[in-house]
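What follows is a set of notes on a single structure, which appears directly below.
All values reported here derive from a predicted model rather than from experimental measurement. All values below come from the heavy atoms of this structure, side chains included, with hydrogens, waters and symmetry mates left out.
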Amino acid sequence: GPEGLVLETVRPAEGAGWELDLADGTKVRWGTAEATAAKQRRLRAVLEDGNRRFGGVRSADLRFFDQGKVLVVPVR
């Protein structure tokens with residue numbers, strides 16, 4: 001569900017920022033810690049949309065969030 005951002009692991013990313021593994025198996029390249037609340041809201045919306053349209057999201061990349069971009073790889 002929309003509240004489903006359950007973290008399994010968080011680790012420093014190569015270079016800068018963070019990488020997350022969600023409990024549902026989604027891999028997230030979070031980027032840096034700026035705009036955390038806005039990123040959380042956007043990620044929830046992206047995951048909901050991806051679940052509805054593609055049956056799930058394999059990965060989401062929020063490193064370009066400040067440019068208005070979230071890169072997504074669907075499950076299928």
Listed partners of A45 passing side chain to side chain contact (heavy atoms under 4.5 Å, CB included), at least two apart: R42

In chain order, what residues pass the side chain to side chain contact (heavy atoms under 4.5 Å, CB included) check against A13, with sequence neighbours excluded?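 Once residues adjacent in sequence are excluded, the partners of A13 under the side chain to side chain contact (heavy atoms under 4.5 Å, CB included) criterion are E19.
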
In the single-linkage hydrophobic clustering (I, L, V, M, F, W, Y; side-chain heavy atoms under 4.5 Å), do V75 and V57 co-cluster? no

Answer yes if V10 and L5 sit in the same cluster of Ile, Leu, Val, Met, Phe, Trp and Tyr residues linked by side chain heavy atoms under 4.5 Å apart, and no otherwise.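 Yes; tracing contacts between hydrophobic side chains, which count when under 4.5 Å, links both residues.
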
Quick one, [X] and [Y] - any side-chain contact, counting heavy atoms below 4.5 Å?
X	Y	result
V28	L62	yes
T36	W30	yes
L20	R29	no
L22	L47	yes
L43	Q40	no

Inter- and intrachain pairs under salt bridge (Lys or Arg N to Asp or Glu O under 4.0 Å), touching residues 54-71, at least two apart: D61-R63

Take a 6.0 Å sphere around CD of Q67 and say whether it holds more than 12 heavy atoms from other residues, nucleotides or ligands.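 More than 12 heavy atoms, drawn from other residues, nucleotides or ligands, come within 6.0 Å of this atom.
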
